[in-house]
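Heads up: the structure comes next, in structure tokens.
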Amino acid sequence: MRQAKTAYSGFLSGGGIPRQHDPHLLPLARIKKIMKKSSVDVKMISREAPLVFSKACELFIEELTKRSWNMTIQGKRRTVHKEDVAHAVATTDVFDFLIDLAHPNTSNHHVDLNEDIEKKQ
Amino acid sequence: MDDSTNNKITTGDDETANQQERLLPIANVSRIMKQILPQNAKISKEAKETMQECASEFISFVTGEASEKCKKERRKTVNGDDVCWAMGTLGFDDYAPPLKRYLDRYREVEGDRSATPQRNEEEGRPSSSSTQFDPNLKPF
């Protein structure tokens, strides 16, 4: 992960780094491991493939986070909860593959400003 | 020691390590989430963990599709183009333009080391999936 650092080092200092300038927000070795485990058919992986994923995952996480945040503010809250992620998944077609991972549950520690439990039934 | 409260355990360490290996590090995932949210936003631990799981599933999902393609084309190596193709097929074509810019910039920096699709680890056969990003795929 250090090889690209010289070219990007100017962008790496400080906060508020524009996302397109930081090449390795996610560890490539870990991505490669996850890829290998995904299917017995995966035999060899080119050097570029985990790199593409490092950027793609960033975009994916950003998108899912933004959508989750929409749910959070709809609930007049400032803390993103698991349920917000679940609702974002449920309402986005392209995230259908995540339905089993994040299903909207009644939360054990969902804090609702109104606490209208009866209305929720 | 009871391992329900402490992750630093001697027994079951393999399980914990295994668990962590199939997920992206929570600190990294967290950072990406924070970057996109307003400063006053907070993220629960559970939400971060859910995001970790979702990101791993995303990788598996797309890789599965990409490796299917390789299998059909009798290629052993999943390359960057296959990953991009798979993403387009699965509905993530919105990611194609920024991914392309990212890859182009990386290739500029790294020289042609990773650029040529022919440099697969297989029998010297050039990649038949020269499909680049197709922004004309079905709209998101």
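Naming: A, B, ... by sequence-line order, numbering from 1 per chain. Please read these numbers as outputs of a predicted model, since none were measured by experiment.
For the residue pair B:Tyr102 and A:Ser54, the shortest heavy atom distance occurs at OH-OG, 3.4 Å. Contact between A:Ala49 and B:Val78 at its shortest, heavy atoms only, is CB-O, 3.8 Å. What you find for B:Tyr95 and A:Glu63 is that their closest heavy atoms are OH-OE1, 2.6 Å. The two residues B:Phe92 and A:Phe95 make their nearest non-hydrogen contact at CE2-CE2, 4.0 Å. Here the shortest heavy-atom pairing between A:Ser39 and B:Ser67 reads OG-OG, 4.0 Å.
For the atom pair B:Phe58 CZ and A:Leu59 CG, the distance stands at 8.0 Å (nearest 0.5 Å). The structure places NZ of B:Lys69 at 15.0 Å from CG of A:Asp41, a figure rounded to the nearest 0.5 Å. Distance OG1/B:Thr63 to CD1/A:Ile45: 7.0 Å, rounded to 0.5 Å. How far CD1 of B:Ile32 is from SG of A:Cys57: 7.5 Å, rounded to the nearest 0.5 Å. Rounding to the nearest 0.5 angstrom, the gap separating the CZ atom in A:Phe53 from the CG atom in B:Leu99 is 10.0 Å. Note that the CZ atom of B:Arg101 and the NZ atom of A:Lys55 stand 8.5 Å from one another [nearest 0.5 Å].
For A:Leu98, the part lying under 4.5 angstrom from a heavy atom of chain B is the side chain only. With a 4.5 angstrom heavy-atom cutoff, B:Glu49 does not touch chain A via any of its atoms. The parts of A:Ser38 that come within reach of chain B are both its backbone and its side chain, each placing non-hydrogen atoms under 4.5 angstrom from that chain. If you measure heavy-atom distances from B:Met51 to chain A, the contacts under 4.5 Å come from the side chain alone.
The shortest side-chain heavy-atom distance between A:Val52 and B:Cys84 falls under the 4.5 Å cut-off. Taking 4.5 Å as the limit, some side-chain heavy atom of A:Ile31 sits within range of a side-chain heavy atom of B:Leu24. With contacts defined as side-chain heavy-atom distances shorter than 4.5 Å, the pair A:Trp69/B:Pro38 qualifies. The side-chain heavy atoms of A:Thr65 and B:Ile36, taken from C-beta on, include a pair separated by under 4.5 Å. Taking 4.5 Å as the limit, every side-chain heavy atom of B:Ser60 sits out of range of all side-chain heavy atoms of A:Lys37.
Annotation: maximal heavy-atom pairing with chain B below 4.5 Å, among A:Leu101, A:Ile61, A:Val89, occurs at A:Ile61. Of the listed residues B:Glu21, B:Met87, B:Lys71, the one with more heavy-atom pairs under 4.5 angstrom with chain A than any other is B:Glu21. Between chain A and the options B:Thr50, B:Ile59, B:Leu37, B:Asn40, heavy-atom pairs under 4.5 Å are most frequent for B:Ile59. Each of B:Leu23, B:Val62, B:Val29 has some count of heavy-atom pairs under 4.5 Å with chain A, and the biggest count is that of B:Leu23. Heavy-atom pairs under 4.5 Å with chain B peak, among A:Ala56, A:Ser68, A:Ala102, at A:Ala56. Between chain A and the options B:Ala66, B:Cys70, B:Ser56, the largest number of non-hydrogen pairs under 4.5 Å is found for B:Ser56. Counting heavy-atom pairs under 4.5 Å between each of A:Thr79, A:Asp96, A:Leu64 and chain B puts A:Thr79 at the top. Note on A:Lys43, A:Lys36, A:Lys33, A:Arg78: by heavy-atom pairs under 4.5 Å with chain B, the leading option is A:Arg78.
A donor-acceptor pair under 3.5 Å is formed between the side chain of A:Arg30 and the backbone N or O of B:Gln20. In terms of modelled atom types and a separation under 3.5 Å, the side chain of B:Asn28 and the main chain of A:Leu25 share a donor-acceptor contact.
Cluster membership check: A:Val85 does not share its hydrophobic cluster with A:Met71, using side-chain heavy-atom separations under 4.5 Å among Ile, Leu, Val, Met, Phe, Trp and Tyr. No path of Ile, Leu, Val, Met, Phe, Trp and Tyr side chains, each step under 4.5 Å between heavy atoms, connects B:Ile43 with B:Ile26, placing them in separate hydrophobic clusters.
Judged by distance alone, the side chains of A:Glu48 and B:Tyr106 never bring a donor and an acceptor atom under 3.5 Å apart.
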